[in-house]
Number of protein chains: 2
Amino acid sequence: MKRFILENSFYDDKNNYKNMTTIKDVAKIAGVSVGTVSNVLNELDTVSDKNKTRVMDTIKTLRYKPNKIAASLSKKKTMNIGLVIPDVSSPFYSDLIKGVTETLDAHGYNVFLCSSSGDIGKEKKIINDLLAMWIDGIILIPVYSNKRDIKEMESINTPMVLVNREIKGLTRDIVIFDNFGGAYEATNFLIKNNHKKIIILDGPKYSRPFEDRLLGWKTAMEENKLYNKNLVFRGDFSVESGYDMMVKSLNELKEIDAVFASSDLIALGALNALEEKNVLVPDDISIIGFGDIYLSKFLKPSLTTIRRPFYNIGKTAVSILLEKIAGKSDEEGFKKFVIKGKLEIRNSVKEK
Amino acid sequence: MKRFILENSFYDDKNNYKNMTTIKDVAKIAGVSVGTVSNVLNELDTVSDKNKTRVMDTIKTLRYKPNKIAASLSKKKTMNIGLVIPDVSSPFYSDLIKGVTETLDAHGYNVFLCSSSGDIGKEKKIINDLLAMWIDGIILIPVYSNKRDIKEMESINTPMVLVNREIKGLTRDIVIFDNFGGAYEATNFLIKNNHKKIIILDGPKYSRPFEDRLLGWKTAMEENKLYNKNLVFRGDFSVESGYDMMVKSLNELKEIDAVFASSDLIALGALNALEEKNVLVPDDISIIGFGDIYLSKFLKPSLTTIRRPFYNIGKTAVSILLEKIAGKSDEEGFKKFVIKGKLEIRNSVKEK
DNA sequence: TAATCTTAATGAAACGGTTCATTTTAGAAA
DNA sequence: TTTCTAAAATGAACCGTTTCATTAAGATTA
């Protein structure tokens with residue numbers, strides 16, 4: 001049973017209200033054909049001024065709103081983009097989300113935000129759902145997984161760009177942060193300030209970003225003849241792990257000059273350990289972090305670190321995606337965009 | 001010109017790939033009518049087992065994916081929800097986003113994440129766009145504004161629930177955090193621990209949440225005959241403001257027992273000021289914050305504060321919205337859901 | 001004035017599903 | 001074998017747009 005509220009509007013039997021003024025109503029009242037109304041809506045220059053104003057007026061009086069679903073069906077274009085992220089609440093990705101949504105919005109696109117919860121099966125399902133909704137493109141931060149079916153992903157023909165994590169064997173455009181370069185720069189900053197014995201507190205081995213950061217540190221150290229494998233400590237990405245590694249290093253080594261922590265959370269744990277042992281930062285030991293999370297500038301001392309420009313990463317990903325959607329990049333193969341970090345100099349490194 | 005890749009699939013002239021296997025293809029190959037295929041897809045029990053398996057098999061071999069756009073147009077239901085937030089990257093809202101997306105996902109809904117950037121005009125535009133996309137419902141964190149057109153909002157017939165901020169005169173369901181109760185509880189916690197001279201460092205007057213927190217503090221103070229209007233300091237929500245207010249209070253008052261900061265950021269600023277003045281926390285002065293932002297537990301001392309369960313707030317908002325969509329709540333009027341905070345006891349309050 | 005060329009407007013088909021009144025089928029009962 | 005009935009299957013209409021071949025009207029030229 002339909003309950004009518006206004007002309008052309010009603011609550012359906014499920015109590016869902018839909019505004020039902022259609023393009024046909026507009027056409028009839030304006031005294032033109034539906035094609036003409038459509039042309040006005042799409043700003044095609046084939047309509048006479050007389051009819052244009054007539055149509056616009058009736059649109060206003062009828063409070064007509066074009067139905068984008070119907071337009072999408074007809075045009076085969078939805079102006080919707082899917083953004084798939086392992087954890088939507090992670091402070092790491094909030095700036096990325098912002099960069100992506102704001103840039104897409106500026107181009108008239110809307111974004112479906114989806115959380116894969118770090119689960120490869122969920123990620124797959126989400127991508128399938130997005131494809132069924134005929135989204136025009138996908139921006140994906142892939143889940144780490146060795147169960148990944150590359151063939152299946154390769155067969156997806158909707159434009160897609162990966163962010164922040166590479167997938168071996170997958171030939172897709174990707175925007176990635178320069179972990180190597182950031183670590184290299186951070187380490188060189190310490191070296192330039194006359195620190196010699198610089199340990200690294202790194203994350204797990206299976207993680208590519210942490211491997212890259214280790215390599216950046218190692219390269220800088222080797223170039224300055226400071227490398228020594230005893231300076232390497234590995235754990236996971238947690239604050240606790242940072243604490244443990246710092247304690248361990250203080251027990252094993254003497255006269256540490258500085259600490260390169262592969263993440264700000266590790267640095268935080270290390271900071272706690274140093275305070276507990278009454279080691280002064282930066283007077284006794286300097287410490288540099290990686291990532292610039294929100295709290296880093298509020299720590300005591302505020303943490304010198306490498307900032308990852310996630311907003312820009314998101315923005316870049318969008319512009320690549322939009323190019324692909326526009327069909328400009330017809331070439332085979334794929335591109336890799338490496339976004340550089342920025343050294344945020346604060347108070348945890350002694351400049352000498 | 002269409003470039004054909006596979007049967008029924010092609011790149012259109014804009015280079016957009018669309019999988020074009022339709023329900024008709026499935027019907028033809030399975031040797032049944034489209035209606036039957038549709039019934040299988042929608043799991044209606046009117047199809048014989050024989051045909052059901054036959055259809056499912058051809059769906060699999062053809063790799064057929066139903067087009068949700070077409071289904072939406074026909075069903076007048078999109079299974080999409082709009083989530084409108086002033087700032088998608090704000091750490092305050094990341095848990096809310098998570099609560100909303102995860103809960104909706106569990107019910108088969110997808111979410112459009114939209115950022116109003118704190119701008120009322122943008123918010124209006126977003127809502128209009130969402131309505132044009134025939135989303136089934138809206139979850140809105142409204143922008144503060146005195147330019148708000150209540151009539152226009154009232155006339156929206158799509159289910160909508162407001163979160164975290166009330167709009168005067170708007171009769172919509174709303175889920176809101178109990179600012180009064182949280183402040184009341186925090187203050188009483190200080191009082192219970194024998195603090196008498198408790199100042200409040202509050203946010204701006206025009207902000208309802210801060211007004212409510214002030215009221216909660218005041219009520220607790222009055223009930224214990226501790227209230228005195230000299231104990232009230234007001235600024236904005238920034239760290240700097242917290243610092244300034246703390247310095248000012250130390251200059252004006254003697255023997256402050258404790259500080260109730262209306263936000264964790266204010267508390268952080270106050271903490272900085274106290275450290276600078278060599279006032280020990282919690283030994284000389286206790287401090288309690290409000291909000292439990294990510295960094296609070298990492299501060300030195302870790303900050304005792306009121307935690308706002310944003311994940312649950314999001315979850316609650318969704319369940320109310322889904323009820324409205326299902327059309328269960330046919331009654332007139334609207335409901336207000338007040339979600340209580342939780343006292344996180346850490347190390348910035350001296351328990352005595 | 002007739003013929004030709006532009007420009008504007010038209011309206012039916014298409015997009016890919018769902019729905020439902022109608023028809024067909026199969027099985028049971030007579 | 002015929003009749004009846006319930007279950008299953010059908011297919012055309014519909015959802016609200018866009019698109020484009022066709023038509024109509026007006027302007028220009030010979």
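Quick note on labels: first sequence line is chain A, next is B, and so on, each numbered from 1. Note that the structure is a prediction, hence the values are computed from the model and not measured.
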B:Lys28 atom NZ is separated from C:dG16 atom P, nearest whole Å, by 13 Å
Minimal heavy-atom distance between B:Ile156 and B:Arg172, with the atoms involved, is O-NH2, 2.6 Å
To the nearest angstrom, the CG-P distance between B:Leu41 and C:dG16 comes to 15 Å
Cut-off 3.5 Å, no hydrogens considered: what does the side-chain donor-acceptor table look like for residues 105-113 of chain B, sequence neighbours left out?
{"from": "B:His107", "atom 1": "ND1", "to": "B:Thr103", "atom 2": "O", "distance (Å)": "3.0"}
{"from": "B:Tyr109", "atom 1": "OH", "to": "B:Lys77", "atom 2": "NZ", "distance (Å)": "3.0"}

Within residues 31-40 of chain B, those residues having any heavy atom closer than 4.0 Å to DNA chain D are B:Val32, B:Ser33, B:Gly35, B:Thr36
One should read off an interatomic distance between B:Ile141 CD1 and B:Leu83 CG, to the nearest 0.5 angstrom, of 6.5 Å
Taken to the nearest 0.5 Å, the spacing of A:Phe337 CZ from A:Thr316 OG1 works out to 8.0 Å
Per atom distances to the A:Ala70 side chain, the nearest of D:dG16, C:dG16, C:dT18 is D:dG16
Between CD of A:Glu43 and P of C:dA8 the distance, given in whole Å, is 16 Å
Rounded to whole Å, the CD1-C1' distance (A:Ile69 to C:dG17) equals 13 Å
- Message: So does A:Thr22 get a backbone contact from the side chain of A:Asp25, meaning a donor-acceptor N/O pair under 3.5 Å?
- Response: yes
Report the C-alpha separation of B:Leu322 and B:Leu104 in whole Å, then their side-chain angles, then the decisive distance to 0.1 Å, and conclude whether the side chain to side chain contact (heavy atoms under 4.5 Å, CB included) test is met.
CA-CA 9 Å; B:Leu322 292 185; B:Leu104 281 173; 4.1 Å; yes
When rounded to the nearest 0.5 Å, the distance separating NZ of B:Lys324 from CG of B:Asp173 is 4.0 Å
Here the distance between atom C1' of D:dT18 and atom CG of B:Leu73, to the nearest Å, is 12 Å
State whether the side chain of B:Asn42 and the backbone N or O of B:Leu44 hold a donor-acceptor pair below 3.5 Å, judged by distance alone.
no
Here the residues of residues 45-57 of chain A within 4.0 Å heavy-atom distance, strictly under, of DNA chain D are none
dist B:Asn157:CG -> B:Ser155:OG (nearest 0.5 Å) comes out at 7.0 Å
Taking only distance into account, with no hydrogens and no angle test, what donor-acceptor pairs under 3.5 Å do side-chain atoms of residues 28-36 of chain B form with protein atoms, sequence neighbours excluded?
{"from": "B:Ser33", "atom 1": "OG", "to": "B:Thr36", "atom 2": "N", "distance (Å)": "3.3"}
{"from": "B:Ser33", "atom 1": "OG", "to": "B:Thr36", "atom 2": "OG1", "distance (Å)": "3.1"}

In short, the helix from C:dT1-D:dA30 to C:dA30-D:dT1 is bent end to end, axes from five pairs each side, to 10°, by 60°
Rounded to whole Å, the NZ-C1' distance (B:Lys77 to C:dT19) equals 17 Å
So side chain to side chain donor-acceptor pair (under 3.5 Å) across residues 144-154 of chain B, not counting sequence neighbours, yields B:Glu123-B:Arg148, B:Glu154-B:Thr171
Side-chain atoms of A:Ile23 come closest, of C:dG17, D:dT18, C:dG16, to D:dT18
Just N and O in the side chain of A:Asn67: are any of them under 4.0 Å from OP1 or OP2 of D:dC15?
no
When rounded to whole Å, the CG to P distance for the pair A:Asn42 and D:dC20 reads 12 Å
Nearest heavy-atom approach of A:Tyr93 to A:Pro86 is CE1-CD, 4.3 Å
Taken to the nearest whole Å, CE/A:Met79 to C1'/D:dT17 is 16 Å
**Request:** Examine C:dG16: is either OP1 or OP2 under 4.0 Å from a nitrogen or oxygen in the side chain of A:Lys76? Give yes or no.
**Result:** yes
